Amino acid sequence: MQVKELLNLSYWIDENIINQQVSQKYQQLHAAMQQNVTARNNQPMQPFETQKDAVIDAIVDISVSGLTNEQERMLSKLEILQHIGSEGVTNLENLLFRNSLDIATATAEVGTIHGKLNQAIQKSDQLKANLASLVDVDEEGSDEGDQVIMRVHFQNDVSLNNLTDLKKLGNIWWEIGRGIAMAHDHAPEDIKIIGAQKGSIIIELAVIAAIATTTSTIILSALKVADRVLTIRKKAEEIKALKLGNQKFEAELEKEADKEKKEGLESITKEISVNLNINQNGDGEKLKVLEKSVKNLIEFVEKGGEVDFYSPEGGEGNQDIEQMKLNFTEIKKLEKRVLAIESEAHKAKEV
């Protein structure tokens, strides 16, 4: 994670956690519940509905859609992510009502959440105090309003381990960038490499917002296809687990999954070309390189690579940037859903 990115996350915590008094609301709920733990015999239970509702009101609308993947992962490490937004509401309601915990255990769990939030806030404040005087966040505003940073993670089955990998994956990303850039009447030289990081080799590319939006649209469309394909294959695995012996039906489902994937991926290029008014007859070269770009990008993501986006301050009002943010929000939701389906399918195979 970049230093500026980490500092901006601390500002996000200020705005969404500290200013919304999330930790204090959990503390008040814990105190109200604690009265029932320490109550003497025959004392009536004290209600804590008001305090519970206050916590939910404070956390339910907290959105991480504006954060990068790295910032979101850091928020999870700080143990904040699990206790905010819709996930936080679900976890709290499970704790209080659905998990059938006794009042003492539930109270202790709420107290633990409050303690973790306080620790996270302290760490965030320390980071901010140490970094704020050293980093000029406003420098990002000097970038043009339509510039977006596209962060490419070379990891898992598309990791960079040697020069051969570098040559192969570098060529693949040249084709990806060339195809999408040409679709917007730009050249691959217009995509600038502005930074690279160690770890699961991360390269940052500066691109116009339109290119980032098209890239995110391709990834989102591919995830939708993967969602449909995995759902079909999950049904096939469930039928196998039932041991009904209907191999013909199982084979038909697998065939349907393959067909869904093939037709779905083919439709992505068509959808993008229609959106960008690329004529199949008049823009044959554009269509050809775009098709290769789409294929390579989808394969990169399928093999575990990750593409993340963030825009500098001042991009508000730019329709491409707004669409990119919407796409990215949906990408995060679909990624979680696809991972859940894959996990369920894997469990079904083991049965």
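Along the sequence shown, residues carry numbers from 1. Quick caveat: nothing in here was measured; it's all calculated off a predicted structure. Side-chain atoms are counted along with the backbone in the values below, which use heavy atoms only and exclude waters and symmetry mates.
Here salt bridge (Lys or Arg N to Asp or Glu O under 4.0 Å) pairs that include residues 41-50, with residues two or more places apart or in two chains, are E49-K52. Pairs passing the salt bridge (Lys or Arg N to Asp or Glu O under 4.0 Å) check and including a residue from residues 8-29, sequence neighbours excluded, read D14-K128.
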Q.
Test side-chain hydrogen bond (donor to acceptor under 3.5 Å, both in side chains) on Q323 and N327; report intermediate values, then the result.
A. CA-CA 6 Å; Q323 184 60 53; N327 286 351; 2.9 Å; yes
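Residues K295 and E291 are not paired through a salt bridge, judged by the lack of any N-O separation under 4.0 Å between the basic side chain and the carboxylate.
With hydrogens and angles disregarded, no donor-acceptor distance shorter than 3.5 Å links the side chain of D320 to the backbone of A209. Remark: side-chain polar atoms of N171 are not paired, donor with acceptor, to backbone N or O of K167 under 3.5 angstrom.
Qualifying side-chain hydrogen bond (donor to acceptor under 3.5 Å, both in side chains) partners for E266, counting only residues two or more places apart in sequence or in other chains: K262. Under the side-chain hydrogen bond (donor to acceptor under 3.5 Å, both in side chains) criterion, Q34 pairs with no residue at all, not counting sequence neighbours. Taking T107 as the reference, nothing meets the side-chain hydrogen bond (donor to acceptor under 3.5 Å, both in side chains) condition, with sequence neighbours excluded. Take K333 and apply the salt bridge (charged side-chain N to carboxylate O under 4.0 Å, His left out) test, not counting sequence neighbours, and it matches E330. Remark: K123 engages L78 in a side-chain contact (heavy atoms from CB on, under 4.5 Å) (not counting sequence neighbours). Partners of K261 according to the side-chain contact (heavy atoms from CB on, under 4.5 Å) rule, which considers only residues two or more places apart in sequence or in another chain, are V229, L265, E302. Checked against side-chain contact (heavy atoms from CB on, under 4.5 Å), R73 has the following partners two or more places apart in sequence or in another chain: N69, E70, H153, E306. Checked against side-chain hydrogen bond (donor to acceptor under 3.5 Å, both in side chains), H184 has the following partners two or more places apart in sequence or in another chain: T214.
Using a 4.5 Å cut-off between side-chain heavy atoms of Ile, Leu, Val, Met, Phe, Trp and Tyr, W174 forms no hydrophobic cluster with any other residue.
Here the shortest heavy-atom pairing between Y26 and H83 reads OH-O, 3.2 Å.
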Review item, side-chain donor-acceptor pairs of residues 90-97, under 3.5 Å, at least two apart:
{"unit_1": "T90", "atom_1": "OG1", "unit_2": "S86", "atom_2": "O", "d": "3.1"}
{"unit_1": "N91", "atom_1": "ND2", "unit_2": "Q82", "atom_2": "O", "d": "2.8"}
{"unit_1": "N91", "atom_1": "ND2", "unit_2": "E87", "atom_2": "O", "d": "3.3"}
{"unit_1": "E93", "atom_1": "OE1", "unit_2": "R98", "atom_2": "NH2", "d": "3.0"}
{"unit_1": "N94", "atom_1": "OD1", "unit_2": "R98", "atom_2": "NH1", "d": "2.9"}
{"unit_1": "N94", "atom_1": "ND2", "unit_2": "T90", "atom_2": "O", "d": "3.4"}

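Atom CD of E175 has more than 12 heavy atoms from other residues, nucleotides or ligands within 6.0 Å.
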